[in-house]
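None of the values given here were measured: they were computed from a predicted structure.
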Amino acid sequence: MRLLHNPVKIHIAEIIHPLLPENSATIKQVYENLVEPPNPEMGHLAFGCFQLAKLLRQGPPQISKTLQEKVKPDEIIDSAVAAGPYLNFKLKTAGVGQKIITPILSGSYFKTALTENAPKTMVEYSQPNTHKELHVGHMRNLCLGNSLVRVLKYSGYNIIASTFPGDMGTHVAKCLWYMKYHNKESVPTTNRGEWLGKHYSRGHIALEDEENTPNGPKNKEQLTLILKQLEAKKGEYYELWKETREWSIDLMKSVYAWADVTFDSWYWESEVDADSVKLVKKFLAEGKLQKSEGAVGLDLTKENLGFCLLLKSDGTGLYATKDLELARRKFEDFKIQKSIYVVDMRQALHFKQVFRVLELLGFPQAKDCFHLQYNFVELPDGAMSSRKGNIVPLISLIHEMERVVNDQYLSRYKDEWTEPEINKVATQVAKGAIFYGMLRMDNNKQIIFDMKEWLKIDGDSGPFIQYSYARIESLCRKLNFDAKIKPDWSLLAEKSEVNLCVYLMHFNATVLSAAENHKPALVCNYLYDLAKKFNQFYHDCPIGTAANDELKTTRLALAYAAGRVLKNGLDLLGIPTPEKM
């Protein structure tokens with residue numbers, strides 16, 4: 001449940017509430033009804049009177065006019081002016097500074113309680129397949145899940161982060177088949193995971209090419225043999241699977257280390273496979289599932305969900321089978337109250353079927369399972385496919401982006417910075433470009449990966465926000481910012497510094513909204529606007545050459561506060577903050 005966390009809005013809500021008819025609205029309702037106007041010229045906060053109209057039998061404009069006459073300026077409110085159905089408040093920088101900016105400077109603002117009694121939640125994300133190469137398309141899931149975990153934790157949720165890699169199935173068989181029957185290369189000593197992924201693509205293409213040839217039936221027999229050995233957990237292919245699986249896991253872990261991503265729990269497809277089949281057979285014996293032509297499932301056609309197949313006629317399970325067992329384990333292992341699955345939109349029907357089957361089988365937590373969908377990442381010339389090999393390998397992409405950052409931005413510092421410093425910043429900027437590019441779009445919108453656009457330092461990009469933060473850090477070092485010196489917030493009177501001061505007030509509310517709506521893009525939008533507002537302030541309001549020391553100190557403190565918010569916000573996106581750029 002949301003808490004009242006903004007002291008400025010609490011102050012105004014406590015003034016408005018007694019002016020309303022008894023029982024017409026709670027303090028919380030008044031608080032939640034205080035919104036940011038689209039134009040700061042109108043006011044810094046606005047109270048809408050729509051909900052009171054029916055109760056008071058008056059038009060919203062009349063109500064706002066009546067309230068205007070009763071609200072008086074004080075230490076926070078500069079003015080309250082009726083504008084149609086809204087009562088617009090302009091705020092005093094002295095009050096906002098004391099209530100918001102000073103806590104930002106001390107760090108206490110970022111520890112404010114935003115929720116209470118939030119459900120213990122598991123977020124499952126980044127489910128890469130072993131024996132495939134990780135590519136740029138995988139990063140949307142990774143970035144979305146990682147940021148969601150971070151914003152939920154910041155907002156006060158007890159979060160368990162988990163992953164469910166696919167280490168079984170036909171894709172594994174195709175890779176092992178190619179290694180056994182077609183590979184003529186020696187196994188490399190390094191980058192084995194990437195090498196393995198290329199063999200999967202080659203295997204898929206080779207099997208397609210030979211499907212309608214005399215080799216086709218033989219190839220199918222060989223694939224079946226591989227899958228049976230993996231299921232039986234014995235044989236040469238099983239031994240090869242165990243060895244090669246580790247190569248893929250090493251690749252995954254190297255990517256997670258680079259991305260600063262950790263999981264509280266790793267579930268593996270191979271570990272739930274056998275138990276999931278047993279679970280389905282148990283429900284079949286209890287008469288809760290249907291059998292048709294040797295296959296087992298549940299008919300959901302009356303609900304427009306088709307037939308959910310759980311066991312094929314040969315007795316093997318499917319993804320839905322494993323997800324039934326996985327759901328059971330998640331709630332039992334961690335005693336969670338909500339389970340979020342971060343999986344792309346192609347699996348929408350799959351999860352509707354799984355959640356409905358869980359419900360019909362008597363699993364009470366089915367209602368607490370949620371599929372967080374997202375759209376795809378494509379290249380400018382179309383969709384990516386690991387099977388066809390037309391992907392941008394993630395490790396290669398990272399190295400290329402670091403090289404571009406080095407060449408375009410950091411080469412000028414080669415005589416001033418050490419090589420490790422240059423390499424560190426190149427990695428940070430590349431990561432900022434990728435993570436921000438993956439998160440700035442709404443979940444349901446497609447992303448077109450464009451390295452040149454994502455690396456721009458003067459637009460809606462991660463590097464632009466990182467550069468704004470680095471500029472603040474450089475400024476504070478140059479002017480010897482001292483956090484112990486008390487600013488006089490009432491000195492902030494210029495339009496751009498007032499706008500920046502007030503905008504900082506909305507960070508926590510933005511993060512909370514991102515958590516509740518599962519949309520880290522809201523944080524991206526806020527940080528981009530904040531960076532623009534800071535740069536406008538920096539352009540309009542001289543700091544080093546301010547009219548007097550008091551104004552210089554206050555403006556520098558405001559800049560430092562903007563930097564603290566940028567840093568905390570970027571951290572919620574999984575983006576590092578270079579101290580210099």
Side-chain angles (χ1 to χ4, degrees), residues 124-148 163 165-166 171 174 193-194 197-198 200-202 204-205 208 251-252 255-256 258-259 261 319 341-351 371-405 429-456 459-464 518-525 528 573-575:
E124 178 211 306
Y125 69 101
S126 186
Q127 307 91 345
N129 290 319
T130 62
H131 301 79
K132 287 186 180 182
E133 193 167 10
L134 289 167
H135 57 74
V136 65
H138 288 105
M139 286 304 294
R140 183 163 201 183
N141 187 308
L142 179 65
C143 294
L144 177 58
N146 177 49
S147 183
L148 182 61
T163 183
H171 72 280
K174 289 179 178 180
E194 296 95 316
K198 289 181 173 61
Y200 160 71
S201 297
R202 292 166 184 165
H204 177 80
I205 292 170
E208 274 194 341
L251 173 59
M252 291 178 198
V255 169
Y256 294 147
W258 170 82
V261 165
Y319 284 119
Y341 299 73
V342 183
V343 184
D344 73 60
M345 62 194 306
R346 289 172 296 186
Q347 302 304 317
L349 175 60
H350 165 83
F351 282 109
H371 174 208
L372 177 57
Q373 302 179 41
Y374 61 90
N375 211 324
F376 315 120
V377 179
E378 292 197 352
L379 301 175
D381 57 353
M384 288 178 281
S385 170
S386 297
R387 294 191 300 273
K388 298 176 182 178
N390 62 326
I391 60 171
V392 178
L394 182 56
I395 299 300
S396 300
L397 169 68
I398 291 169
H399 294 326
E400 176 61 15
M401 293 185 85
E402 290 172 346
R403 184 194 66 75
V404 172
V405 172
V429 174
K431 190 184 296 185
I434 294 173
F435 276 54
Y436 189 85
M438 292 294 174
L439 291 169
R440 62 177 284 264
M441 301 294 288
D442 191 84
N443 299 343
N444 62 7
K445 291 185 178 179
Q446 190 180 76
I447 290 177
I448 304 297
F449 172 70
D450 187 330
M451 184 172 72
K452 184 178 179 181
E453 287 295 318
W454 289 17
L455 280 172
K456 277 187 175 179
D460 189 2
S461 69
F464 167 69
H518 311 121
K519 290 187 176 183
L522 298 176
V523 178
C524 292
N525 297 338
Y528 178 51
L573 302 177
I575 296 175

Chemist: Just so I know, are the side chains of P393 and E194 near enough to count as touching, which here means a heavy-atom distance under 4.5 Å?
Modeler: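 Side-chain contact under 4.5 Å: no.
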Chemist: If you define the side chain from C-beta out and look only at heavy atoms, does anything of M438 sit under 4.5 Å from V136?
Modeler: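 M438 vs V136: side chains touch.
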Chemist: Find out whether R346 and F376 are in side-chain contact, i.e. whether some heavy atom of one side chain is under 4.5 Å from a heavy atom of the other.
Modeler: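 In short, these two side chains touch, coming nearer than 4.5 Å.
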Chemist: Quick one: pull up CD in E208 and NZ in K174 and give me the separation to the nearest 0.5 Å.
Modeler: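 Here the interatomic distance stands at 7.0 Å.
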Chemist: Which of these passes side-chain contact (heavy atoms from CB on, under 4.5 Å) with K519: D442, L439, L144?
Modeler: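 One option only clears the test, and that one is D442.
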Chemist: Search all heavy atoms of H171 against all heavy atoms of Y200 and return the closest pair with its distance.
Modeler: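 Closest pair (atom of H171, atom of Y200, distance): O-CD1, 3.4 Å.
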Chemist: Which atom names give the shortest non-hydrogen contact between V405 and L455, and what distance separates them?
Modeler: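 Looking at all heavy atoms of both residues, the closest pair is CG2-CD2, 3.7 Å.
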Chemist: If you look at every heavy atom in G574 and N146, which pair is closest and at what distance?
Modeler: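 Looking at all heavy atoms of both residues, the shortest contact is CA-ND2, 3.9 Å.
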Chemist: With the side chain counted from C-beta on, respond yes when Y256 and T163 share a heavy-atom pair under 4.5 Å apart, and no when they do not.
Modeler: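 Contact flag for Y256/T163 side chains = yes.
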Chemist: Does some side-chain heavy atom of I398 sit less than 4.5 Å from a side-chain heavy atom of W258?
Modeler: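 Yes, their side chains come closer than 4.5 Å.
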Chemist: If we only count heavy atoms from C-beta on, is the Y528 to D460 side-chain gap below 4.5 Å?
Modeler: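 In contact.
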Chemist: L251 versus I395: any side-chain heavy-atom pair under 4.5 Å?
Modeler: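 They are in contact (side-chain heavy atoms under 4.5 Å apart), so the answer is yes.
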Chemist: For a quick test of reading the model, state the closest non-hydrogen atom pair linking D344 to H371 and the distance between them.
Modeler: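 It is O-NE2, 3.6 Å.
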Chemist: Taking all heavy atoms of R140 and all of N443, pick out the closest pair and write down the distance.
Modeler: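 That closest heavy-atom pairing would be NH2-O, 3.4 Å.
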Chemist: Heavy atoms, side chains only, cut-off 4.5 Å: are E378 and I448 in contact?
Modeler: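 Yes, close enough: below the 4.5 Å cut-off.
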Chemist: Using every non-hydrogen atom in the two residues, find where V377 and F449 come nearest and quote the distance to one decimal.
Modeler: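 Heavy atoms only, the tightest pair is CG1-CB, 4.1 Å.
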Chemist: Which value, rounded to the nearest 0.5 Å, describes the distance between H518 atom NE2 and Q373 atom CD?
Modeler: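 Rounded to the nearest 0.5 Å, the NE2-CD separation comes out at 12.5 Å.
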